[in-house]
Amino acid sequence: MKYTSLLTATLIGATLFTTSCKDDFADINTNPSTVSKGHLPYLFAQGVHDFEPADYTFWFYNGKYYAQFIQAFVPTGGNTELYNRMDQTGGQGSQNYNVLKIAREMDKVMKDLGPDEAAKYQYVRTLLDPLIVYLGMFDTDTYGDMPFSEACMAPYTSPMLLTPKYDTVQELYANWLEMLDNTINILTTTPAVAQTFPGSQDMVYAGDITKWAKLANSLKLKIAVRLLTQDKAKAIAIAEEVAKSPAGVLSGTEDDFIFNKGITDYHFNPGNTVGFGAPKKEVADFLIKNKDPRVRFFYTKNHFNSKVVQAFYDAGKDVPAYIEANVNSEMENGKKVFKSWKGSGEPWVRYYGIPADIGAANQTVKYGDYFDENRFKLVGASAEKKFTPYSIFQQENCHGNVTYTVPVVPDGPVIQDNENHAWYGFYMTSGEVYLYLAEFKLLGANLPSSAQDYFSKAIEYSVKSYDRWAGLNQIPYYGTTYGYDPNEVSIELKNGEIEAMLANPDYQLTGSKEEQLEKVYIQEYIHFTYQPSDQFVAVRRSGIPKVGSALIPWQLLGPNTEVPRRLEIGIPSKTDKMYEIKTASLKSQGFTGGTSLEPSLLNRERVWQDNGAPNYGEGPNF
């Protein structure tokens, strides 16, 4: 996708934004000042609207590969020996240009206005830079070098610049840090009264400049952790700068970079089912063991509610052993009767992962309770039904236009949740920021709070952010039980759950420095469940999960254990104007172009920021 994307920009005209506002701009032909003043806020709104780090193709291709490569999810049909290979890719590599082209047009408009008039629009222009930096990291995380400094400049150059150079990741990071520092400086020193910035055009923070400044400052940490392998001293210095900045950082759900683009934005069509699969068993078990509420927001409940369990008993069929272990039952008049759930009860007993072993689906004796579909079927008078005993990826957090059907016994009622909800995207939150601060504190950064304080707040913020996000997207069972099963419990965050979770040893920074770092990286791994690219980067740079870990272990799968550390890049066509530049970029990065490449090759050929990082499962080496 990156190497076939069009790097030129379409000139954005004022009519694109004003066609429905004819009455308000009746003097459009006689008052150029009015047109130019309206133009820049509208361009800003368009830039925010075009911000999209993970479109629907990402969830079907790149995102799915990452989630399965790093053992966060397992295909519902089980892993095969092809688990570390890929087919098509998409949704990443050129996302940056969607906003960059708007910024280029804003630069042109401001230049035409002259310095005095342009000075009134510093806010609206600089606020696009954090979005550009975010998307730039997203694109370079797996594809490396990219055109940036000369990209999207064709309409503004003579002759038209149609062959932009490739900037290295090292150059890009330096450039992006300067952009963020400039944004922070403008937002913290330029009086708002001197700015033309209508909050109605800001769908992210509704004109709250302090939150934009926090976002820009927090993004510096996102760059810093990517620098740790290449320049640890520089990375730590950035973290210390962030902590001292008057801008502050994202601190609490109200600061989170979570927003939606309108009541009819469902992200993608409901027929497009995201096929990440089920959580890996050890991941789900870790969350359940620690009664981590995020398990309820990441995954679906399984189909085995108490009525379905009873229906299996009535049919003389066994329920999967791991479900049966959580059931209190008695024999009454020769029949087995469900009485209650054991242990933690609902909703905890409805979440299970599946084994990641290669070929597990074919081992029916050992793994039949997960993969033998004949064990999950019941026959009614009019139809046969299949019930899924494990949890799967909660796709309503990816798009809002989804119909959920409550699992009921054969010949039971049809109960559906088919309300359409505008989709809210989840981008950068306080939980991520505080996990980075905890990491840097353990690595020796001079920060004002303790690693444990940052760590505890990070997990608290993460849980609260996911709870808020699940509520905004109205995922199944949030705030409702649908009235079918009397033993059903809704999934929203309950009082006291965070405190109980944080008291667990796995959520306390005890033990050696290495053990403490592992706990931080495990929480990064968990927090990024719905940001697969960030999750992939966190695993790649930290070597966590680790082989033999008592928390969440990395599993050596099959005879071919090498997993890609970047995705494939197609060989450019010789008829492409960019052929020589693209070919030179591949060569300078040491990349082999093409498709159907061996995983071992994609494991060895690394993007700049990944060079020298630990192998998967080895643990940190910096």
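Side chains are part of it too, since the values below use all heavy atoms of this structure and drop only hydrogens, waters and symmetry mates.
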Go through the steps for Asp610 and Arg565 under the test salt bridge (Lys or Arg N to Asp or Glu O under 4.0 Å), then give the verdict.
CA-CA 8 Å; Asp610 184 36; Arg565 299 180 73 93; 2.8 Å; yes
From CA spacing to verdict: side chain to side chain donor-acceptor pair (under 3.5 Å), Ser430, Asp255:
CA-CA 7 Å; Ser430 305; Asp255 288 346; 5.2 Å; no
Can you list the steps and then say if Glu618 with Asn615 is a side chain to side chain contact (heavy atoms under 4.5 Å, CB included)?
CA-CA 6 Å; Glu618 286 186 351; Asn615 292 322; 3.0 Å; yes
Tell me, with the steps shown, if Lys464 and Glu254 meet salt bridge (Lys or Arg N to Asp or Glu O under 4.0 Å).
CA-CA 10 Å; Lys464 288 181 176 179; Glu254 294 306 310; over 6 Å; no
Evaluate the criterion side chain to side chain donor-acceptor pair (under 3.5 Å) for residue pair Thr592 and Glu605; output intermediate values, then yes/no.
CA-CA 8 Å; Thr592 301; Glu605 295 181 356; 2.6 Å; yes
Chi angles and distances behind the salt bridge (Lys or Arg N to Asp or Glu O under 4.0 Å) call for Asp534, Arg226:
CA-CA 11 Å; Asp534 279 315; Arg226 285 159 170 75; 2.8 Å; yes
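With hydrogens and angles left out, the side-chain atoms of Thr364 and Asp372 include no donor and acceptor closer than 3.5 Å. Between the side chains of Asp292 and Tyr507, a donor-acceptor pair is found at a separation under 3.5 Å. With no hydrogens or angles considered, no side-chain donor-acceptor pair links Thr388 and Asn302 at under 3.5 Å. Residues Asn487 and Ser306 bring a donor and an acceptor atom of their side chains to less than 3.5 Å of each other. When only modelled atom types and interatomic distance are considered, Gln394 and Asn397 share no side-chain donor-acceptor pair under 3.5 Å. With no hydrogens or angles considered, no side-chain donor-acceptor pair links Tyr482 and Asn305 at under 3.5 Å. Between the side chains of Asn290 and Asp506, at least one donor N or O sits under 3.5 Å from an acceptor N or O. A donor-acceptor contact closer than 3.5 angstrom links the side chains of Glu432 and Tyr436. Judged by distance alone, the side chains of Tyr530 and Tyr466 never bring a donor and an acceptor atom under 3.5 Å apart. Using modelled atom types and a 3.5 Å distance limit, the side chains of Tyr478 and Asp467 yield a donor-acceptor pair. Looking only at atom types and distance, the side chain of Asp357 has a donor-acceptor partner in the side chain of Gln555 under 3.5 Å away. Checking Ser391 against Arg350 by side-chain atom types alone, no donor-acceptor pair falls below 3.5 Å. Using modelled atom types, one finds no donor on one side chain facing an acceptor on the other under 3.5 Å when comparing His527 with Ser465. With no hydrogens or angles considered, no side-chain donor-acceptor pair links Ser542 and Glu524 at under 3.5 Å.
Enclosure of atom NZ in Lys386 is not indicated, since only 12 or fewer non-hydrogen atoms of other residues, nucleotides or ligands lie within 6.0 angstrom. Crowding of Lys494 atom NZ: a count of heavy atoms from other residues, nucleotides or ligands under 6.0 Å exceeding 12.
The closest donor-acceptor contact from the side chain of Gln474 to the backbone of Gly471 lies under 3.5 Å. One N or O on the side chain of Arg468 and one on the backbone of Thr253 form a donor-acceptor pair closer than 3.5 Å. For Tyr66 (side chain) and Tyr61 (main-chain N/O), no donor-acceptor pair under 3.5 Å exists by modelled atom type. Judged purely by atom type and a 3.5 angstrom limit, Gln516 uses its side chain to pair as donor or acceptor with the backbone of Gly511.
Ionic pairing of Glu332 and Lys339 is present here: one or more N-O contacts between side-chain nitrogen and carboxylate oxygen are shorter than 4.0 angstrom. Using a cut-off of 4.0 Å between Lys/Arg side-chain N and Asp/Glu carboxylate O, Lys301 and Glu488 are scored as salt-bridged. Ion pairing of Lys377 with Glu373 is absent here, as no side-chain N (NZ or NE/NH1/NH2) approaches a carboxylate O to less than 4.0 Å. A salt bridge links Glu439 with Arg541; the closest basic N to acidic carboxylate O contact falls under 4.0 Å. A salt bridge does not link Arg375 to Asp318: none of the charged nitrogens lies less than 4.0 Å from a carboxylate oxygen. Comment: Glu568 does not engage Arg85 in a salt bridge, judged by the lack of any side-chain N to carboxylate O separation of less than 4.0 angstrom.
Residues Phe536 and Phe69 keep their aromatic ring centres 6.0 Å or farther apart. Side-chain rings of Trp554 and Tyr616 approach one another, their centers coming within less than 6.0 Å. For an aromatic pair to be called close, the ring centres must be under 6.0 Å apart, and Phe387 with Phe376 fails this.
Checked options Thr403, Val402, Thr405; the residue passing with Asn418 is Thr403 (criterion: side chain to side chain contact (heavy atoms under 4.5 Å, CB included)).
Side-chain contact check for Tyr427 versus Asp256: every heavy-atom pair is 4.5 Å or farther apart. Side-chain contact between Tyr352 and Lys281 is absent, with no heavy-atom pair separated by less than 4.5 Å. For the pair Tyr390 and Tyr351, the minimum side-chain heavy-atom distance is 4.5 Å or more. Counting heavy atoms from C-beta outward, Phe371 and Ile354 have side chains that approach closer than 4.5 Å. Side-chain contact between Glu499 and Leu502 is absent, with no heavy-atom pair separated by less than 4.5 Å. The shortest distance between side-chain heavy atoms of Thr142 and Val607 does not fall below 4.5 Å. Counting heavy atoms from C-beta on, the side chains of Gln508 and Phe455 never come closer than 4.5 Å. Contact of the Phe426 side chain with the Gln531 side chain is registered, since non-hydrogen atoms from C-beta on lie closer than 4.5 Å.
The aromatic rings of Tyr56 and Phe268 lie tilted to each other, with the angle between the two planes from 30° to 60°. Classified by interplanar angle (parallel below 30°, tilted 30° to 60°, perpendicular above 60°), the ring pair Phe304/Phe312 is tilted. Ring-plane geometry between Trp341 and Phe338 is classed as perpendicular, the angle between the planes exceeding 60 degrees on a 0 to 90 degree scale with a lower cut at 30. Using the six-membered ring where Trp is involved, Phe393 and Phe276 have ring planes that are tilted, between 30° and 60° apart.
Taking every heavy atom of both residues into account, Pro620 and Tyr521 meet most closely at CG-CE1, 3.5 Å. Taking every heavy atom of both residues into account, Glu492 and Gly479 meet most closely at OE1-N, 2.8 Å.
For the atom pair Glu515 CD and Leu551 CG, the distance stands at 9.0 Å (nearest 0.5 Å). Here the CG-CD distance, from Leu567 to Gln92, works out to 6.5 Å after rounding to the nearest 0.5 Å.
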